[in-house]
Amino acid sequence: RQVVTLSLALFLQMMIIDFLSIGTRVMLRIVGPILTLLIVQSKGWPFVFFFWSILDLALVYGDRPFAKHWLYWQDFIGVFNEKNPSGEIVWSATYTQVLTIAAVVSLVVAIKRFVVGLWLSRNTFSHYGDQLARLLKRMVLVSQVAQLAKKLHKSSQSVHRNTLRTSLPQETSLMLASGGMKRIYSKEDMKDEDCSDSSSIKSDDNLTKLSRGTWTRDTIDALNDSQKIRLYQLLEEWEEPDRHADENSNISISAVLRFRNALNLIHNEHAFSLAFGSTYSRDACIESAQDTYARLLSATPGEPNLRFETLGLIAVQDNGEVDLGKARDLVKVFRPRRDGVLTMLDFVKSTDSVYKEFRLLQASIQNSSQIDIAFENLLNVFFYALLITIILGIMGFDPFSLFLSFSSVILAFAFMIGSASSKYFEGILFILVRRPYGIGDIIHVSNVDRDTSPNGSVGWIVQKVSLFETVATWVPTLEKASFNNGSLANSRIINWKRSPNAKVNIQLHFPIETKYEQVEIFKRAVEEYMKVRPREWLKLNGFRVNQIFTEQSYMQVTLLVQHREPWQNIAQVLDSKSNLVTYCSEVQKKLGMKYKAPALPVDLRGADSFLPMENNTAENSTGAQSDEDTSDAEARMNYFRLIAKTRHQIRVT
């Protein structure tokens, strides 16, 4: 009969947990999210032992005839009636105690799993929830662009076939060229080809309505002037800083469950929808991005590059107005140039950035789950030790006498590993509570009593994190090292990935005789350089003269600029800085502001003071010539604008 009750308990686990709680939403509607999560967390031996003991108490316990023999009413099979005495086990105090302990222990273990799991899930949600939300928003935009590219490509093929059969009537051509959002429908286009794709990210209603129409080159050109102006105005705006919610705020269970469901969207070989293509690997994602760009470009034949108004079709609502929120999101994801041009390289780099972001997020969350499992296993040691002690006390044994016999050994062992244990637990709290970094983050470890360099710090790339150690790679030489988490607990951890956009300090030397008008032209030239490179620079934060050195005949100028990338992408930041420094040097030459240090005298007497040995007549003549050139500031700005667009770039952009 115990085998039968055990089989019933296993059957109840399959029905209640696997089918009602996980397979359907029935249990969620009946008992709510808290009890549903508690039931799911009890899966395994706690659930089986609990219902096994409950079934035994209901079917195989007591002094009743049914508890002694299930088939007591029949006389054909003697083994199932009173001819086979059941003894006193079914109503004994020991049997009652065992069943009660089994039920209580199973319930306590289930509650422990629920509490620990909920705490760890909320901790994970607080660290990765906002990042996942922003990532899914960008993935949805890429998916919508892929859907639009598919429809545009199909539309261009359809228009090409119709053109081969017969030319369009003159009235139709005039209608398409005159303006307005015109659509040419066909029966085939009215079918929603992607409605059966449950694994892809669904687009919103605006994209669905756009994708059902056949869009041509005239449709894109038909964006009226006000719509185009509003789109291009977005290219001139600086983005607002993100406002993060309070991480200590109460996180509901439903939010945690939605977070777990949202993680399934990035565990997909077609993370950007089937219309985009495969994202199984980075090479596959790059190839799919190139195909998507080609399909988008097919809507505007003859154009070498994609125009931003093509992507802007996604942001056009039914009433013809532009959804500024979605248009801003498109600008943030794809970063077109100020003139609205988006090259294939920029498009692929934008999608590759989203791909790398969700792959790193996958690795970080997976590593965080492994840390949570290790922490729970460590907690189980103390939990089950306490539980066994309580059970032994209930059963009539004295557990303290057993512990006292080993007290001397335990005390000596505690003195031996005391300092190491304190560092060990300090490292555990460092990882679980602070969580200062994740997989792929670049960090810099420094002493809290020392200031860091204002020009940035060289760091380590985090490769693996556990409760005990952190494995990282040194950025300059790619040497791999491991750190004890306890040794890092008292250090300052600078996380480049979690830091805002990188700020770069550039020190320049201007001749002391430089005029104010020349400085203003130089500043405008720098601003123009940054404006034509929206994928690199965010804004000019500061341009000031810090100090004047009269003896050396120069003034020190600090140029404080902010990059669009954090220090995590240090290669791009340093390349952009190098380009900007080279550009500034050439502008100084053209304006006659290039500083040349005066020659130092040779003092045979060893005097500390010095005087310039010669006056640089060539430099003075250059300065005089530059004074004449400053009269035509706009002509100079046009020249510097041309330089900014065509020169001083290490990477092809």
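Q144 pairs with exactly one of L141, L148, V142 by the side-chain contact (heavy atoms from CB on, under 4.5 Å) rule, that one being L141. Checked against F483 for a ring-ring contact (aromatic ring centres under 6.0 Å, His included), the options Y437, F430, W460 give a single hit: W460.
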TODO: Apply side-chain contact (heavy atoms from CB on, under 4.5 Å) to the pair Y595 and T514, showing each step before the final yes or no.
DONE: CA-CA 10 Å; Y595 170 72; T514 303; over 6 Å; no
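Residues T473 and E479 bring no donor and acceptor atom of their side chains to less than 3.5 Å of each other. Side chain to side chain, S368 and R435 meet the donor-acceptor criterion of an N or O pair below 3.5 Å. Side-chain contact of T470 with N485: a donor-acceptor pair under 3.5 Å is present, judged by distance alone.
How far CG of D346 is from OG1 of T351: 10.5 Å, rounded to the nearest 0.5 Å. With rounding to the nearest 0.5 Å, the separation of CD1 in I22 from OG1 in T36 is 10.5 Å. Atoms OG and CE, on S585 and M593 in that order, are 11.5 Å from each other to the nearest 0.5 Å. Note: R359 CZ to I439 CD1 = 15.5 Å, rounded to the nearest 0.5 Å. Interatomic distance, N495 CG to H444 NE2, rounded to the nearest 0.5 Å: 12.5 Å.
At most 12 heavy atoms of other shown residues, nucleotides or ligands fall within 6.0 angstrom of atom CD1 in I34.
The aromatic rings of F358 and F272 sit perpendicular, their planes meeting at an angle over 60°, well past the 30° parallel limit.
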